[in-house]
Asker: 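Sharing a structure here in structure tokens format.
Both backbone and side-chain heavy atoms feed into the values below; hydrogens, waters and symmetry mates do not.
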Amino acid sequence: MRPLDGVTVVSLEQAVAVPYATRLLADLGARVIKVERPGGGDFARHYDTACGSVSSYFAWTNVGKESVTLDLKHPDARQVLHDLVSGADVVLCNLSPAAARRLDVDASSLRQVKPDLVIGELSGYGESGPYAARKAFDALVQSETGLIDLTGQDDVTARAGISVADIAAGVQLQSAVLAALLHRARTGQGATLSLSLFEAMAEWMHQPMLYAAGTGQAAPRTGAHHPSIAPYGPFPCADGTVHLAVQNDPQWRRLCGLLDRPDLAEDPRFTTVTSRVAHRPALHAELDFTAWTAAELLEALDDADVPAALTRGVADLPHHPQLTARDRRTTIPVPGGEVTALRPPVDSTAWTWTPAPVPALGEHTDDVLRGLGYSAERIAELRSRSAI
């Protein structure tokens, strides 16, 4: 038995943040009923066509869900939704607050259907303040929180290569839902959870924010190198790149010993982390690994207990030797095919995880409605009226 077996989640979701939260809940055993628009569905289905007939984003965030199509602008569809909600434990929504109120799917409306619901509402910037009505997407939030300004090298900025704001919000929303379910089990009371994409990312920006406040300036952009530790970053070898992570002085001295360069260990420019950062260009000029192959260098660094890693391409990740040795790969059915994916990263002695398919648009509409007691004739009528 998985921890959330018996818990039903109804999610009015699209894009990445809330779908990622519900995917995490589904991994723990929750039944997740994903409500999508008839005809097109979650627009993230169509970001690319990397996974059968759906996008890589959709295949990643929608494993193990049931897809139901409802046109929430139609009153009959809203009644179907209320019937769904009456049997649910959790309702999550990332429609805009104004749209949710227009469709009567905001927290106050849903709580009239079932008072003890756990309701989670994700907005872009929150329901108050000068940005309340502004559109918020991952890259925009990265920009507003300073992450793009922090990322890159010298005068060139860059967005983080994955949807970090969406992931931050999804993880924090899932955590809050679990806490709210525990609260309900103890008190019998539901809870309304409010989260904004902007504030979720702002939480992850705490360390650079505190650094800037404490030093009077933001950390410099240093590409893949660390702004306040050195040598900490990628260094070229004869056939690839090795990423060093020398975080303290003993590790630095061991690296100097490996290179047979005791002079570097004693050089006053390099004796402390602070001095190495201050003299980073001179430090990098002294570290030449081009006579080594990446594999040779990594083995030598491991033997010397100097933290390091190979810099690999993302296409190599499914075949990473560590994932292979630990049997982390799995196969997930997707609409139009199947994909190689990774198992959830947390293993438990109390429950197991098995792969489940990614749903086609509206694949479970009829089954779910029959489970609510709808007759075949009523389902056909709703379809003829374009409510489902």
Asker: Please enumerate all residues that pass side chain to side chain donor-acceptor pair (under 3.5 Å) together with Thr340, with sequence neighbours excluded.
Answerer: none
Asker: Kindly give the cluster partners of Val306, where membership spreads through any ILVMFWY side chain lying under 4.5 Å from a current member.
Answerer: Phe235, Val242, Leu244, Val246, Trp252, Leu255, Leu258, Leu259, Leu264, Phe270, Leu283, Leu287, Phe289, Trp292, Leu297, Leu298, Leu301, Leu310
Asker: Suppose clustering is done on Ile, Leu, Val, Met, Phe, Trp and Tyr with side-chain heavy atoms closer than 4.5 Å. Which residues sit in the same group as Val177?
Answerer: Leu4, Val7, Val9, Val18, Leu25, Leu28, Val32, Val90, Leu92, Val118, Leu122, Leu173, Leu178, Leu181, Leu193, Leu195, Trp351
Asker: Using the side chain to side chain contact (heavy atoms under 4.5 Å, CB included) rule, take Leu12 and Asn94 through it: C-alpha gap first, then chi angles, then the decisive distance, then the call.
Answerer: CA-CA 7 Å; Leu12 314 176; Asn94 67 345; 5.9 Å; no
Asker: Applying salt bridge (charged side-chain N to carboxylate O under 4.0 Å, His left out) to Arg328 and Asp347, what does each step give before you reach the verdict?
Answerer: CA-CA 11 Å; Arg328 304 313 297 182; Asp347 292 327; 2.9 Å; yes
Asker: If the condition is side chain to side chain contact (heavy atoms under 4.5 Å, CB included), which residues does Thr157 pass it with, not counting sequence neighbours?
Answerer: Ile148, Arg221
Asker: Test your reading of the model: is there a side-chain donor-acceptor pair from His279 to the backbone of Ser275, 3.5 Å cut-off?
Answerer: yes
Asker: Among Glu363, His364, Glu36, find the one that has a side-chain hydrogen bond (donor to acceptor under 3.5 Å, both in side chains) with Ser67.
Answerer: Glu36
Asker: Any heavy-atom pair between the side chains of Leu117 and Arg184 that's under 4.5 Å?
Answerer: no
Asker: Does any part of the side chain of Tyr232, heavy atoms only, come nearer than 4.5 Å to the side chain of His243, both counted from C-beta?
Answerer: yes
Asker: Please check if the number of heavy atoms outside Gln247 that lie under 6.0 Å from its CD is greater than 12.
Answerer: yes
Asker: Using ring pair (Phe, Tyr, Trp, His ring centres under 6.0 Å) as the criterion, list what pairs up with Trp60, not counting sequence neighbours.
Answerer: Tyr20
Asker: List for me each residue that meets side chain to side chain donor-acceptor pair (under 3.5 Å) alongside Asp27, sequence neighbours excluded, and say none if there are none.
Answerer: Arg23, Trp353
Asker: One pair to check against side chain to side chain contact (heavy atoms under 4.5 Å, CB included): Thr365 and Arg383. What are the steps and the verdict?
Answerer: CA-CA 10 Å; Thr365 301; Arg383 186 164 282 116; 4.1 Å; yes
Asker: Can you tell me how the ring of Tyr125 sits relative to the ring of Phe198, calling it parallel under 30°, perpendicular over 60° and tilted otherwise?
Answerer: tilted
Asker: Any side-chain donor paired with an acceptor under 3.5 Å for Thr293 and Asp239?
Answerer: no
Asker: Among residues at least two apart in sequence or on other chains, which ones pass salt bridge (charged side-chain N to carboxylate O under 4.0 Å, His left out) with Arg269?
Answerer: Asp267
Asker: Using distance alone, with no hydrogens and no angle criterion, decide if Ser348 and Arg2 have a side-chain donor and acceptor under 3.5 Å apart.
Answerer: no
Asker: Looking at Arg101 and Glu127, is any side-chain nitrogen of the basic one under 4.0 Å from a carboxylate oxygen of the acidic one?
Answerer: yes
Asker: Can you find a pair of side-chain heavy atoms, one from Thr151 and one from Arg159, that are under 4.5 Å apart?
Answerer: no
Asker: Roughly how far, to the nearest 0.5 Å, is CG of Leu197 from CZ of Phe137?
Answerer: 10.0 Å
Asker: Return yes if a side-chain donor-acceptor contact under 3.5 Å exists between Glu338 and Thr331, otherwise no.
Answerer: no
Asker: Is the closest basic N to carboxylate O distance between Lys73 and Asp71 below 4.0 Å?
Answerer: no
Asker: Is the number of heavy atoms from other residues, nucleotides or ligands within 6.0 Å of CG (Asp260) greater than 12?
Answerer: no
Asker: Under 4.0 Å between a Lys/Arg side-chain N and an Asp/Glu carboxylate O for Arg37 and Asp42?
Answerer: no
Asker: Which residues satisfy the side chain to side chain donor-acceptor pair (under 3.5 Å) test with Thr324, sequence neighbours excluded?
Answerer: Arg329
Asker: Decide whether Tyr374 and Asp83 meet the rule of one side-chain donor and one side-chain acceptor closer than 3.5 Å.
Answerer: yes
Asker: Using a strict threshold of under 4.0 Å (side-chain N to carboxylate O), is an ion pair present between Glu266 and Arg261?
Answerer: no
Asker: Using the test side chain to side chain donor-acceptor pair (under 3.5 Å), find all partners of Arg102 that sit at least two apart in sequence or belong to another chain.
Answerer: none
Asker: Salt bridge or not for Asp303 and Arg254, using N-O below 4.0 Å?
Answerer: no
Asker: With side chains defined as the heavy atoms from C-beta onward, is the minimum distance between Pro307 and Gln251 less than 4.5 Å?
Answerer: yes
Asker: Measure the shortest side-chain to side-chain distance between Ile119 and Glu121 over non-hydrogen atoms and say whether it is less than 4.5 angstrom.
Answerer: yes
Asker: I'd like to check the side chain to side chain contact (heavy atoms under 4.5 Å, CB included) partners of Ser53; sequence neighbours left out, ordered by chain and number.
Answerer: Pro335
Asker: Taking the side chain as every heavy atom from C-beta outward, state whether Leu81 and Val10 have any atom pair closer than 4.5 Å.
Answerer: yes
Asker: Identify, with sequence neighbours excluded, every residue that meets salt bridge (charged side-chain N to carboxylate O under 4.0 Å, His left out) alongside Glu66.
Answerer: Arg31
Asker: Mind checking whether Glu144 and Met201 have side chains closer than 4.5 Å, heavy atoms only?
Answerer: no
Asker: Could you list all the salt bridge (charged side-chain N to carboxylate O under 4.0 Å, His left out) pairs where at least one residue sits in residues 6-20, not counting sequence neighbours?
Answerer: Glu13-Lys34, Glu13-Lys65
